[in-house]
Asks: 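I'd like to ask you about the structure that follows.
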Amino acid sequence: MSMYSMNFRRLLKNILSQIVIYEDLKSSLKVVAESVCAYYPDSKIWFTENFGKRHSYIVGAGKETYKPVQKLEYANNYTAFLQNLSGLNSEEKSILADVLNIVTIIHQG
Amino acid sequence: MTEQKDFINDEEITRLLKAAENPDPIEIRDIFAKSRDKVRLDPEETAKLLQIEDPELLEEMFTLARQIKEDVYGNRIVFFAPLYIGNKCINNCLYCGFRKDNDAQVRKTLTMDELRKEVKALESKGHKRLILVYGEHPDYDANFIAKTIETVYNTKLGQGEIRRVNINAAPMTVEGYKKLHEAGIGTFQIFQETYHHETYKKLHPKGDMKSDYQWRLYGLDRAMQAGIDDVGIGALFGLYDWKFEVMGLLYHTIHLEETFGGIGPHTISFPRLEPAIDTPFIQNTKYRVADDDFRKLVAIIRLSVPYTGMILTARESPEIRKEVIPLGISQIDAGSRIGIGGYEEAEKGYIPEKEQFQLGDMRSLDETIREVCGLGCIPSFCTAGYRAGRTGEHFMSLAKPGFVQKYCMPNAVLTFKEYLLDYASDETRVIGEKAIEKQLAEFGKESPERRKFVEDKLKLIEQGKRDVYV
């Protein structure tokens, strides 16, 4: 049995089919954020570029619930903050991190 | 070269203030209702608030200002300290003790070793947030400022560390700001001093950098273009009519919000002119702001921009601070010294020959914290927001509807607990623990889960963990 849920696989397909269209990091990350929140209702995700202690907001989506936030450091100097995303297991989060890393590499420099 | 028009229209502001005289109380209460809904006011509305003289309406306004601040940020007061890095200056601002021609000033710039000593002195008192202040001088360029930011962040004393460094320095180019952004700056702050064009021109003689009103006015636009999405505005009250300056601050807010997708200033400051060595302008100005007017302007700024942080500094006396904090203030400094190297020399007391102006509140951080607890507030050393991506657009999306206190209050309790364990006097610890207990009861009223969530984090701090935040 796959360690990835059907919902997650659909999310991945949705994200991968869209991110190549956009030519800048912010737009691509916006697609990721909106897709995640569409597949996992009541969740919130936002992305930051990090400068020392400062995590500067890039873009995000979802509904604020004030629930604990998980940090996902998916690339050098980039972090995703996940809120109320308990629907994703650790393997799925790891794949999501890989996807985010690829998006960042594509748009860097 | 003819100057382009900018977003401060002096004639329009004067006309609005004139038209707003003798405001109708019904209209005023409609404006109060708009502020209560945390909607930023329009200039016509703020002008009307500025003309209120009716004591009953003023009392309503003061009460509302406190309520709005608590709705948005909760009953926490964030503490910080200013750290003056250098007082060299190429400008000749007539009201400033640091001006170039003031021979009474001893010019000094901290070396990196001296800076580390200052930071350790501040950390030993419990500070976690600093604003670094620089004169306007080629020595204080972006590279130098970035180096000082890095030095501050890297200087630790036991469990003490500075977790947020804000900057008050001369306006820069976009490229300069980018260097500060990369160094991990918190907020970049520029005070316009006065928004009144003619007064600005008189007070800032030609031939220096500061004489260019628009270079300064758009200084924070360039910071935003460079990626610094937390910026602070301010005016020095006492240079021109205080009502005009409040209108200027509002127009600046509107300009930033309209230009940068709703991101207005992170903070607004409203220092009053204070005496400074060999600076006769201050004694002669007719625009000094009386205490009653100062209370009004603080409350009016809170109502005009309900969701923006408001900073009250130790320029003011303890008595005024006690009265004004409840009128909408969200941040104060304490235990402050504004001489270059002043924290190391603090035990020796006041050193006027090196200061930009005179401080009104020389009390220690510990003493000020006790008083803030007595006002029913929770002292906070929170620096979580900018480390959790709650900056710029994201911060505004939480602050504008009044949701940011859901983070501010737990973080206030957690950072205050750290302070009580590591730095507080016995007297402050007793008062502080009671304040925390009271706040936990408030969390419990919202939901038992919220109280437990914070209590679990407090246990981590009691067990020795530091820098716990949500």
Side-chain angles (χ1 to χ4, degrees), chain A residues 22 24-34 36-37 42-86 88 93 96-97 100-101 103-104 107-109, chain B residues 128-129 146 149-150 152-154 161-166 178-188 224 226-230 261 263 383-398 401 403-410 443 446-447 449-450 453-454 456-457 467 469-470:
Chain A
Y22 295 95
D24 65 283
L25 180 62
K26 187 172 177 177
S27 303
S28 296
L29 290 176
K30 189 163 191 270
V31 165
V32 177
E34 287 174 348
V36 168
C37 295
D42 296 330
S43 65
K44 182 174 176 179
I45 181 167
W46 65 96
F47 305 104
T48 64
E49 186 175 4
N50 311 331
F51 303 91
K53 288 181 189 293
R54 183 182 186 86
H55 286 53
S56 265
Y57 181 75
I58 303 171
V59 73
K63 181 183 165 189
E64 178 64 53
T65 53
Y66 314 104
K67 293 197 171 162
V69 172
Q70 187 188 352
K71 276 167 90 169
L72 190 64
E73 287 172 1
Y74 61 86
N76 194 22
N77 294 332
Y78 290 90
T79 302
F81 290 82
L82 317 178
Q83 187 179 56
N84 207 26
L85 255 173
S86 52
L88 287 181
K93 281 176 189 161
L96 181 63
L100 290 167
N101 194 17
V103 170
T104 306
H107 292 295
Q108 261 177 342
Chain B
K128 298 287 185 278
R129 303 169 63 108
I149 294 172
E150 285 160 19
V152 172
Y153 279 135
N154 291 332
E161 61 176 346
I162 298 303
R163 298 175 185 156
R164 179 166 178 139
V165 177
N166 300 328
K178 280 183 181 166
K179 290 177 185 171
L180 306 193
H181 187 41
E182 283 162 16
I185 186 181
T187 303
F188 194 92
M224 297 280 278
I228 299 175
D229 53 2
D230 290 332
I263 308 172
T383 56
Y386 94 123
R387 293 187 290 153
R390 294 192 289 269
T391 69
E393 180 188 344
H394 192 201
F395 174 81
M396 289 295 166
S397 76
L398 294 166
F403 295 153
V404 76
Q405 59 136 315
K406 298 272 189 186
Y407 287 108
C408 292
M409 286 314 299
F443 290 145
E446 287 176 44
S447 78
E449 292 78 21
R450 187 160 160 81
F453 176 71
V454 179
D456 287 347
K457 302 271 182 203
D467 202 13
Y469 61 90
V470 298

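We name chains A, B, ... by the order of the sequence lines, and we start the count at 1 in each one. All heavy atoms count here, side chains included; hydrogens, waters and symmetry mates do not. Worth saying up front: this structure is predicted, and the values here are computed from it rather than measured.
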Asks: Give a yes or no on whether Asp24(A) atom CG has more than 12 heavy-atom contacts from other residues, nucleotides or ligands under 6.0 Å away.
Replies: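 More than 12 within 6.0 Å, yes.
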
Asks: Val470(B), Ile185(B), Val165(B): which one forms the most heavy-atom pairs within less than 4.5 Å of chain A?
Replies: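 Ranked by heavy-atom pairs under 4.5 Å with chain A, first place is Ile185(B).
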
Asks: Can any side-chain N or O of Arg54(A) pair as donor or acceptor with the backbone N or O of Tyr386(B) at less than 3.5 Å?
Replies: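 Answer holds: no.
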
Asks: Between Thr391(B) and Ser56(A), is there a donor-acceptor pair closer than 3.5 Å when you use the side chain of the first and the backbone of the second?
Replies: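 Judged by distance alone, no pair lies under 3.5 Å.
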
Asks: Any idea which of Gly389(B), Pro410(B), Gly184(B) has the most non-hydrogen atom pairs under 4.5 angstrom with chain A?
Replies: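 Result: the option with the highest number of such pairs is Gly389(B).
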
Asks: Would a distance-only check, ignoring hydrogens and angles, find a side-chain to backbone donor-acceptor pair under 3.5 Å from Trp46(A) to Ala388(B)?
Replies: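 Confirmed, Trp46(A) side chain pairs with Ala388(B) backbone.
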
Asks: Could you measure the distance from the NZ atom of Lys178(B) to the CZ atom of Phe51(A)? Nearest 0.5 Å is fine.
Replies: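 The distance works out to 10.5 Å.
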
Asks: Can you confirm whether Lys63(A) is buried at NZ, in the sense that more than 12 heavy atoms of other residues, nucleotides or ligands lie under 6.0 Å from that atom?
Replies: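 No, the 6.0 Å shell around NZ holds no more than 12 heavy atoms from other groups.
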
Asks: With rounding to the nearest 0.5 Å, note down the distance linking CD in Glu49(A) to NE2 in His181(B).
Replies: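 It is 6.5 Å, given to the nearest 0.5 Å.
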
Asks: So for Ile263(B), is it side chain, backbone, both, or neither that comes closer than 4.5 Å to the heavy atoms of chain A?
Replies: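 When you check distances to chain A, no heavy atom of Ile263(B) falls under 4.5 Å.
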
Asks: When rounded to the nearest 0.5 angstrom, what is the spacing between CD in Glu161(B) and NZ in Lys53(A)?
Replies: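 Taking CD in Glu161(B) and NZ in Lys53(A), the distance rounds to 4.5 Å.
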
Asks: Under 4.5 Å heavy-atom distance to chain B, tell me which part of Tyr66(A) shows up: side chain, backbone, both or neither.
Replies: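 Both backbone and side chain of Tyr66(A) come within 4.5 Å of chain B.
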
Asks: Rounded at 0.5 Å granularity, tell me how far NZ in Lys406(B) sits from OG1 in Thr65(A).
Replies: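 It comes to 11.0 Å.
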
Asks: Which answer fits Phe395(B), side chain, backbone, both or neither, if we ask what part of it has an atom under 4.5 Å from a heavy atom of chain A?
Replies: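 Interface part for Phe395(B): neither.
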
Asks: Might you work through the side-chain contact (heavy atoms from CB on, under 4.5 Å) test for Tyr407(B) and Glu64(A), ending with a clear yes or no?
Replies: CA-CA 11 Å; Tyr407(B) 287 108; Glu64(A) 178 64 53; 2.5 Å; yes

Asks: Of all of Ile149(B), Asp230(B), Thr383(B), which one pairs up most often with chain A through heavy atoms under 4.5 Å apart?
Replies: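 Ranked by contacts with chain A, first place is Asp230(B).
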
Asks: Take atom NZ in Lys93(A); do more than 12 heavy atoms of anything else shown fall under 6.0 Å from it?
Replies: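 It does: Lys93(A) NZ has more than 12 such atoms within range.
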
Asks: Is it true that atom NZ of Lys44(A) has more than 12 heavy atoms of other residues, nucleotides or ligands lying nearer than 6.0 Å?
Replies: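 Yes.
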
Asks: Could you give the distance from CZ (Arg387(B)) to OG1 (Thr79(A)), rounded to the nearest 0.5 Å?
Replies: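 That separation rounds to 12.5 Å.
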
